[in-house]
Amino acid sequence: YTRNCIWTDDVSLWTDALAKSPHSPVACWGMATSYRKIKNYPEAIKHYHDCLERNPLADVLYLELAESYRHNGDIDKAISIYRHARQMGINDERFHIGIGELHLKNLELNDAFREFNSALLLQPNNAYVHYQTGLVYRARGEYQSAIPYFEKALLLDSKKTAYRQQLEEVHLLFGMN
């Protein structure tokens, strides 16, 4: 019962867990995740680095660390973490998606396309990746090429209004050219 008074939120729970088990990778990951959840990215980043010292092969840690850097505004560091994970042999579509999103945001369209293409090779039925690839084609002004990607995204996930909206907009834009 006394733990309920101490554990008022995730951060306090994992602080207590780390105090009791300072070498626990689970407690470390819980602490990092709890900071990320409340958008305290500097603290999350610090704890993800601690976690990676304990378990350098945990691919989810690299993904969450890169996302924390990304949300903290350090895009170059996020890309560096994604690339480091890939060099370690971690080949997960989420890493390709993350790098692709960053390249798309920076209008580095060839790099974004390459990353989304790699993600599609790993997960060919990922609606979000089809959608992102369509966005790359749209940003290039290649509206006709974007259409099948938006159609496939919508086919795979018909509930996403953004997919339908992009498809409709690209049809209009393609009709104008």
Which atoms form the tightest heavy-atom contact between [X] and [Y], and what is the distance?
X	Y	answer
L18	C28	CD2-N, 3.8 Å
G134	F150	C-CZ, 3.3 Å
D92	L122	C-CD1, 3.9 Å
V26	W14	O-CZ3, 3.9 Å
R94	Y82	O-CE2, 4.4 Å
Y143	R138	CE2-O, 3.7 Å

Assign the ring pair Y163 / Y131 to parallel, tilted or perpendicular, where the plane angle (0 to 90°) is split at 30° and 60°.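 Aromatic pair Y163/Y131 classed tilted.
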Assigning hydrophobic clusters by single linkage (Ile, Leu, Val, Met, Phe, Trp, Tyr; side-chain heavy-atom cutoff under 4.5 Å), is [X] placed with [Y]?
X	Y	result
I99	L121	no
W29	Y41	no
L104	L173	yes
L63	I75	yes
I38	L13	yes

For a 4.5 angstrom cut-off between non-hydrogen side-chain atoms, does [X] reach [Y]?
X	Y	answer
N125	K152	yes
Y149	L120	yes
F116	H96	no
I97	Q123	no

Within this structure, what is the [atom1]-[atom2] distance for the pair [X] and [Y], rounded to the nearest 0.5 Å?
X	Y	atom1	atom2	value
Y48	T33	OH	OG1	3.5 Å
I90	L61	CD1	CG	9.0 Å
L154	E168	CG	CD	9.0 Å
R36	I45	CZ	CD1	10.5 Å
E151	L167	CD	CG	5.5 Å
D157	R164	CG	CZ	10.5 Å

Look at atom CD of Q144 and say whether more than 12 heavy atoms of other residues, nucleotides or ligands are closer to it than 6.0 Å. no
Restricting to side-chain contact (heavy atoms from CB on, under 4.5 Å), what partner residues turn up for D111, sequence neighbours left out? H103, E108, R114
E101 and Y128: side chain donor to acceptor below 3.5 Å: yes
Sidechain-backbone polar pair: S34 side chain, M31 backbone, donor-acceptor under 3.5 Å: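 Yes, S34 side chain to M31 backbone: donor-acceptor pair under 3.5 Å.
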Using a 3.5 Å distance criterion without hydrogens, assess whether the side chain of T133 forms a donor-acceptor pair with backbone atoms of V129.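 Present.
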Quiz item: cation-pi between R140 and F113, 6.0 Å / 45°: yes
Can F95 and R86 be said to form a side chain to side chain contact (heavy atoms under 4.5 Å, CB included), step by step? CA-CA 8 Å; F95 291 95; R86 193 168 30 201; 6.0 Å; no
Hey, is D16 close enough to K20 for a salt bridge, meaning N to O under 4.0 Å? yes
